[in-house]
Amino acid sequence: MEYKDPMPELLSSLEQIVFKDEYQKMALTHKPSPFTEFEQLRRGTGLQTDEFARALGVTVATVQEWESKRVKPSATELKLMRLIQANPRLSKQLME
């Protein structure tokens, strides 16, 4: 039997719970580009680059690639960013 990582499904479920009202509003409007959303989420966390990278489980270089718009964050990474922004204590827990 093949192992399936439950993390993407868990993140999606948590995101739906946390952002229930926002999803209803977003259904009526267009979705922002991954880069635009990343910039908003990144600023909203208030974390330093290295802290942000550690909370997401990526390298500082990856965050710098997103900031320079050379590479776009995945849907799962954006979901995790939304969760961190909605609950800043989560970033501290993820960095432990």
Side-chain angles (χ1 to χ4, degrees):
M1 178 187 244
E2 183 179 333
Y3 172 77
K4 183 178 177 187
D5 184 8
M7 188 58 74
E9 188 174 337
L10 287 171
L11 285 175
S12 180
S13 297
L14 281 171
E15 184 182 40
Q16 289 173 16
I17 292 167
V18 172
F19 294 103
K20 180 181 174 189
D21 295 333
E22 293 300 317
Y23 274 131
Q24 292 170 350
K25 291 176 192 173
M26 285 177 62
L28 302 174
T29 62
H30 71 289
K31 286 192 170 188
S33 78
F35 293 118
T36 303
E37 185 175 10
F38 164 75
E39 290 171 354
Q40 293 169 348
L41 293 169
R42 170 80 171 85
R43 280 187 299 236
T45 65
L47 297 173
Q48 298 294 322
T49 303
D50 62 328
E51 296 170 328
F52 188 73
R54 205 167 352 139
L56 288 170
V58 299
T59 64
V60 171
T62 298
V63 174
Q64 291 169 339
E65 291 287 315
W66 295 336
E67 289 174 341
S68 67
K69 298 182 181 178
R70 287 188 290 256
V71 176
K72 69 179 183 177
S74 71
T76 302
E77 291 161 336
L78 286 171
K79 287 178 183 181
L80 183 54
M81 288 179 214
R82 290 182 204 122
L83 290 170
I84 290 170
Q85 183 186 34
N87 186 352
R89 291 184 312 188
L90 180 62
S91 65
K92 290 182 176 87
Q93 293 171 345
L94 291 170
M95 288 190 286
E96 292 178 350

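- Evaluation of the side chain to side chain contact (heavy atoms under 4.5 Å, CB included) rule for E67 yields F38, R42, T49, V63, Q64 as partners, not counting sequence neighbours.
- Applying the side chain to side chain donor-acceptor pair (under 3.5 Å) rule to R43 yields no partners; only residues at least two apart in sequence or on another chain are considered.
- Residues passing the side chain to side chain donor-acceptor pair (under 3.5 Å) test with T76, sequence neighbours excluded: none.
- Using a 4.5 Å heavy-atom threshold, the side chains of L56 and I84 count as touching.
- The two atoms that bring L47 and A55 nearest to each other are CD1-CB, 4.5 Å, heavy atoms only.
- Taking CG of L41 as the reference point, atom CD of E77 lies at 12.0 Å (rounded to 0.5 Å).
- In this structure, Q85 has no side chain to side chain donor-acceptor pair (under 3.5 Å) partners at least two apart in sequence or on a different chain.
- For the atom pair T45 OG1 and L83 CG, the distance stands at 13.0 Å (nearest 0.5 Å).
- Scored by the salt bridge (Lys or Arg N to Asp or Glu O under 4.0 Å) test, K69 finds E39 as partners (sequence neighbours excluded).
- The side-chain heavy atoms of E37 and M81, taken from C-beta on, include no pair separated by under 4.5 Å.
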